Amino acid sequence: MAEQLGELTRTHTCGALRPADVGANVVLLGWVHRVRDLGGLLFVDIRDREGITQVVFDKDDETLMAKGKRLRSEYVVGVEGRVRRRSAETVNPKLETGEVEALVRRLTILNEAKTPPFPVADETPVSEDVRLKYRYLDLRRPRLQNNIILRHRVSAAIRKYFDANGFLEIETPILTKSTPEGARDYLVPSRVHPGEFFALPQSPQLFKQILMIAGMDRYVQICKCFRDEDLRADRQPEFTQVDVEMSFARPETIYGVIEPLMRDIFAVVGRAIETPFPRMSYADAIAKYGSDKPDLRPGMEIQDLRELFRESSFRVFRDIVANAGTVRGFVIPKASHYSRSEVDGIVDMAKQQLGATGLVWARRMDDGAVTSSVMKAMGEDAVRQMLDATSTGPGSLIFIAAGEPDSTSKLLGQLRLILAKKDGLLRPDDYLFTWVVDFPLLEWDAEEKRYASMHHPFTAPHDADLDKMGIDPGHARAKAYDLVLNGSEIGGGSIRIHDASLQSRIFSLLNISEEEAKLRFGFFLEALEYGTPPHGGIALGLDRIVAILSNESSIREVIAFPKTATATDLMSDAPSPVDAKQLRELHIQLREQKS
RNA sequence: GGGGUGGUAGUUCAGUUGGUUAGAACGCCGGCCUGUCACGCCGGAGGCCGCGGGUUCGAGUCCCGUCCACCCCGCCA
């Protein structure tokens with residue numbers, strides 16, 4: 001039976017007591033972390049967010065001892081007692097409070113607790129579905145407590161930084177307008193307007209641009225965004241963005257704001273990072289790393305080997321080069337530990353999992369001897385020559401692929417990361433940032449047979465590429481940039497179009513008719529015509545940043561109440577059916593499920 | 001939509017070529033214990049082997065389907 005709190009007032013948290021408090025009468029409020037019953041002596045660890053304190057029951061007081069023996073894991077208690085110093089032999093160096101303990105004078109059992117489905121008091125791994133169902137218990141454990149506390153401190157540092165730099169935090173609507181393009185919207189039916197829907201924002205994009213038109217100059221918001229797409233370890237249907245927009249900004253203006261911000265964020269975990277961040281064009285990122293979010297930690301850049309094979313006797317590669325294909329490869333400098341069968345296994349794995357067709361390898365052994373999977377076809381001299389040309393020294397190994405340029409780079413990029421991870425080259429304590437810039441403005445959508453915006457339709461083209469838009473729109477570059485850290489895209493943004501006529505041209509390139517544009521973005525196009533300052537911004541993925549800082553491989557570990565890979569909440573069991581009455585009010589009729 | 005890994009006690013796992021009564025550790029319950037701190041010692045309870053079907057004399061184990069969790073591809077301006 002639970003007792004009431006009454007006049008019980010906390011004097012210290014469970015992480016607070018020190019030798020200086022010896023003799024004090026204290027009240028601790030918290031959870032029973034662990035019980036050690038020695039018969040005539042009972043130790044109980046009391047836990048709260050701040051720490052753990054040991055309290056002692058002595059059998060001098062039999063009633064009190066009897067009550068203490070009722071305590072079980074996760075009971076909520078109030079303990080009144082006197083602080084005393086522990087003898088030298090009984091100090092617990094693992095606890096901040098380990099030099100002292102409290103001798104209990106009064107115990108209040110504020111609540112009992114069922115036996116938890118998994119131990120809260122230790123870090124033993126538990127399957128994720130159980131953790132998600134009992135999220136409130138998982139959140140009591142140190143891992144998530146620390147992550148959530150870290151997340152708060154990062155958010156606080158962000159707000160402090162932007163406040164100090166003249167940004168205004170302004171809220172934008174959650175109930176907003178559905179727009180074509182981009183991710184699938186979460187829709188909210190309107191009760192008042194039958195058949196009409198709000199959409200939850202994929203990002204506050206148009207609103208923040210309108211705030212610039214409204215003269216707010218510098219805007220920031222830590223906001224929830226919603227995208228109804230399939231999930232990944234780093235993607236949740238609702239996620240948090242640090243959304244930023246600035247008037248009169250060039251890309252350098254944005255870098256100049258974001259780099260010191262990242263410095264402040266990393267200072268939260270005591271890490272110094274170097275600024276400015278290096279910049280790399282999108283084309284280089286694809287060519288050298290096979291990815292638009294390159295992980296720079298392992299080195300092992302992909303090299304263009306076309307010249308080596310243009311005149312080669314190795315016909316397969318020569319033909320590919322002759323037919324506008326590519327031959328590329330990357331070197332693993334320290335590969336002595338790979339056995340022949342292991343290397344063959346890697347090729348098999350790449351064929352199966354990555355769809356590699358023409359993957360070959362060559363290596364120089366520690367003693368200088370050379371071998372290759374195509375030794376016969378190429379000839380030893382040619383192999384040796386190739387290894388020389390690619391700086392494949394003793395003990396190193398090169399993987400080479402040939403074919404269509406983009407897919408070849410992508411394949412090598414994936415393989416590079418798999419092998420780097422295997423060899424422990426993705427060191428979690430290295431933080432390598434880079435800006436990826438000069439994205440293409442548009443990409444060809446083969447399915448819909450039209451151009452689509454690579455970033456979004458409000459992205460400004462490069463000044464130098466404005467004239468390309470009529471003749472060769474596919475090669476126009478955008479004033480867009482991504483911030484990449486250790487192979488993770490942690491932010492992306494662009495300078496926006498501030499000119500209504502240019503915006504209209506973009507829509508027509510995207511095959512969005514004037515009527516369609518008016519219907520979907522009319523309010524915005526009209527706003528553009530009332531004195532829009534040049535402006536641009538960026539959005540940072542807060543969940544991903546905190547995940548990297550806490551060395552977690554999934555953003556679920558830094559979100560208090562995340563969803564599963566099938567976008568459900570195992571704790572609340574959302575989504576769930578609703579009453580027929582609710583549906584009627586919303587003018588919604590359910591269709592029979594197709595079987 | 002596609003590919004992969006896993007699902008056995010409350011939890012984490014083991015379970016042989018298909019063969020007796022499905023095990024261990026931790027947790028839980030009871031007992032003993034005055035300096036423990038992952039307390040210790042003794043005893044006990046606890047299982048729809050994810051679910052449904054099939055093969056078989058016999059299925060945790062083999063086959064088919066299905067559900068759930070996780071990872072990846074597609075998708076994510």
Side-chain angles (χ1 to χ4, degrees), chain A residues 33-46 52-60 65 69 72-74 84 86-95 97-98 101 103 114-134 137-138 179-185 202-203 205-206 225-237 239 349 352-355 410-411 414 417-418 439-443 445 447 451-459 478 480 482 489 492-494 506 510 512 539 541 553-554 556 562-568 570:
Chain A
H33 185 67
R34 216 173 243 128
V35 179
R36 289 175 297 279
D37 185 352
L38 276 60
L41 193 61
L42 174 67
F43 297 98
V44 179
D45 291 338
I46 311 294
I52 293 171
T53 301
Q54 172 171 284
V55 302
V56 194
F57 294 80
D58 199 290
K59 78 167 173 205
D60 291 352
M65 177 62 106
K69 283 187 189 255
R72 296 291 179 271
S73 289
E74 303 308 313
R84 63 186 195 190
R86 299 206 205 176
S87 69
E89 320 84 69
T90 62
V91 163
N92 184 351
K94 288 187 224 159
L95 292 184
T97 60
E101 63 193 9
L103 181 64
K114 288 166 73 173
T115 301
F118 54 86
V120 173
D122 67 52
E123 291 273 40
T124 49
V126 178
S127 69
E128 201 161 348
D129 45 350
V130 177
R131 291 175 55 207
L132 288 170
K133 178 169 181 196
Y134 299 96
L137 298 180
D138 199 21
T179 54
E181 303 258 322
R184 196 175 293 113
D185 283 322
Q202 298 178 23
S203 87
Q205 185 59 36
L206 294 179
C225 300
F226 306 86
R227 294 178 190 175
D228 187 3
E229 297 292 346
D230 287 343
L231 287 79
R232 288 284 189 284
D234 63 351
R235 273 166 33 191
Q236 284 271 305
F239 61 100
M349 178 277 301
Q352 260 180 14
Q353 289 176 31
L354 308 177
K410 208 175 160 190
L411 160 73
Q414 286 175 299
L417 283 182
I418 290 169
F439 280 81
L441 184 68
L442 305 167
E443 61 189 339
D445 185 333
E447 216 170 284
Y451 282 111
S453 292
M454 189 134 178
H455 187 54
H456 57 54
F458 315 105
T459 303
D482 276 358
E489 180 197 326
S494 64
I506 297 287
L510 297 175
I512 299 175
S553 54
S554 167
R556 288 188 303 278
K563 292 188 174 52
T564 66
T566 52
T568 65
L570 292 182

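The structure displayed is predicted, hence computed values, not measured ones. Chain identifiers are assigned alphabetically (A, B, ...) following the order of the sequence lines, protein sequences preceding nucleic acid strands; residue numbering begins at 1 within each chain.
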C26(B) - base-pair partner by Watson-Crick or wobble geometry, distances under 3.5 Å: G10(B)
Phosphate-side-chain proximity, Thr566(A) and C68(B), N/O vs OP1/OP2 below 4.0 Å: no
For atom CG of Leu137(A) and atom P of U11(B), their distance in whole Å: 13 Å
Which residues share a salt bridge (Lys or Arg N to Asp or Glu O under 4.0 Å) with Asp185(A), sequence neighbours left out: none
Restricting both atoms to N or O, compile the protein contacts to nucleotides 27-29 of chain B shorter than 3.5 Å, with distance only.
from, atom 1, to, atom 2, distance (Å)
C29(B), OP1, Arg72(A), NE, 2.9

Residues in side-chain contact (heavy atoms from CB on, under 4.5 Å) contact with Pro237(A), at least two apart in sequence or another chain: Tyr186(A), Leu231(A), Lys563(A), Ala567(A)
Residues which pass side-chain hydrogen bond (donor to acceptor under 3.5 Å, both in side chains) with Glu128(A), listed by chain and number, not counting sequence neighbours: Arg556(A)
Thr564(A) vs C68(B): side-chain N/O to OP1/OP2 distance below 4.0 Å: no
For atom CG of Asp185(A) and atom P of C76(B), their distance in whole Å: 13 Å
Pairwise C1' distance for A9(B) and G27(B), with rounding to whole Å: 11 Å
Complementary nucleotide for U5(B) - Watson-Crick or wobble, under 3.5 Å: A69(B)
Contact nearer the 5' end of RNA chain B, comparing Val35(A) with Ser453(A): Val35(A)
Nearest-Å distance for atom pair CE/C1', residues Met349(A) and G3(B): 15 Å
OP1 or OP2 of G74(B) under 4.0 Å from side-chain N/O of Lys410(A): yes
Touch class at under 4.0 angstrom, heavy-atom based, for Arg131(A) against every strand present: nothing
Sugar-phosphate, base or nothing in reach of Thr124(A), heavy atoms under 4.0 Å: nothing
Centroid under 5.5 Å and tilt under 30°, Phe118(A) to U11(B): no
Any Lys133(A) side-chain N or O less than 4.0 Å from OP1/OP2 of C68(B): no
Arg227(A) side-chain N/O to C75(B) phosphate OP1/OP2 under 4.0 Å: no
Integer angstrom distance from the P of G1(B) to that of C62(B): 28 Å
Base G35(B) to side chain Glu101(A), donor-acceptor N/O within 3.5 Å cut-off: yes
Under 3.5 Å donor-acceptor, Arg184(A) side chain and Asp228(A) backbone: yes
Base-pairing mate for C62(B) - Watson-Crick or G-U, with both contacts under 3.5 Å: G54(B)
Between P of G40(B) and CG of Leu41(A), the distance in whole Å: 16 Å
Sequence-distant partners of Lys69(A), side-chain contact (heavy atoms from CB on, under 4.5 Å), two or more places apart: Asp37(A), Leu42(A), Met65(A)
Arg235(A) and Asp230(A) ion-paired at < 4.0 Å: no
With Ala183(A) via side-chain contact (heavy atoms from CB on, under 4.5 Å) - residues at least two apart: Gln202(A), Arg227(A), Glu229(A)
Distance-only donor-acceptor test (3.5 Å): side chain Arg184(A), base G74(B): no
Heavy-atom side-chain contact between Ile506(A) and Leu441(A) under 4.5 Å: yes
side-chain contact (heavy atoms from CB on, under 4.5 Å) partners for Ser494(A), two or more places apart: His455(A), His456(A), Thr459(A), Ala480(A), Arg496(A)
Using atom names, set out every protein N or O paired with an N or O of nucleotides 31-33 of chain B below 3.5 Å, distance rounded to 0.1 Å.
from, atom 1, to, atom 2, distance (Å)
C33(B), N3, Asp37(A), O, 3.2
C33(B), N3, Gly39(A), N, 3.2
C33(B), N4, Gly39(A), N, 3.4

C42(B) versus C49(B) - spacing of their C1' atoms, nearest Å: 31 Å
Touch class at under 4.0 angstrom, heavy-atom based, for Pro457(A) against every strand present: base
Sugar-phosphate, base or nothing in reach of Asp230(A), heavy atoms under 4.0 Å: base
Nearest-Å distance once atom C1' is located in both G18(B) and C26(B): 31 Å
Between A69(B) (C1') and Asp138(A) (CG): distance, integer Å: 14 Å
Donor-acceptor pair under 3.5 Å, Arg235(A) side chain vs C75(B) base: yes
Test salt bridge (Lys or Arg N to Asp or Glu O under 4.0 Å) applied to Arg84(A) - qualifying residues, sequence neighbours left out: Glu101(A)
Same-atom distance (P) from U16(B) to C76(B), integer angstrom: 45 Å
Distance in angstrom units between Asp234(A) CG and C70(B) P, rounded: 14 Å
Protein-nucleotide distance (Lys59(A), atom NZ; G35(B), atom P), rounded to Å: 11 Å
Any donor-acceptor N/O pair under 3.5 Å between G7(B) base and Asp129(A) side chain: no
Polar pair under 3.5 Å, donor/acceptor by atom type, side chain Arg86(A), base U36(B): yes
Sugar-phosphate, base or nothing in reach of Ala233(A), heavy atoms under 4.0 Å: sugar-phosphate
Phosphate contact (C39(B) OP1 or OP2) by Arg36(A) side-chain N/O below 4.0 Å: yes
Length of the line joining Asn92(A):CG and C39(B):P, which is rounded to integer Å: 11 Å
Short side-chain N/O contact from Arg232(A) to OP1 or OP2 of C73(B), under 4.0 Å: yes
Span that lies between the C1' atom of G60(B) and that of G50(B), in whole angstrom: 12 Å
Touch class at under 4.0 angstrom, heavy-atom based, for Gln54(A) against every strand present: base
Most 5' of Asp58(A) and Pro117(A) on RNA chain B, judged by nearest nucleotide: Pro117(A)
Phosphate-side-chain proximity, Thr568(A) and A69(B), N/O vs OP1/OP2 below 4.0 Å: yes
Base paired to C49(B) (Watson-Crick or G-U; both N/O distances under 3.5 angstrom): none
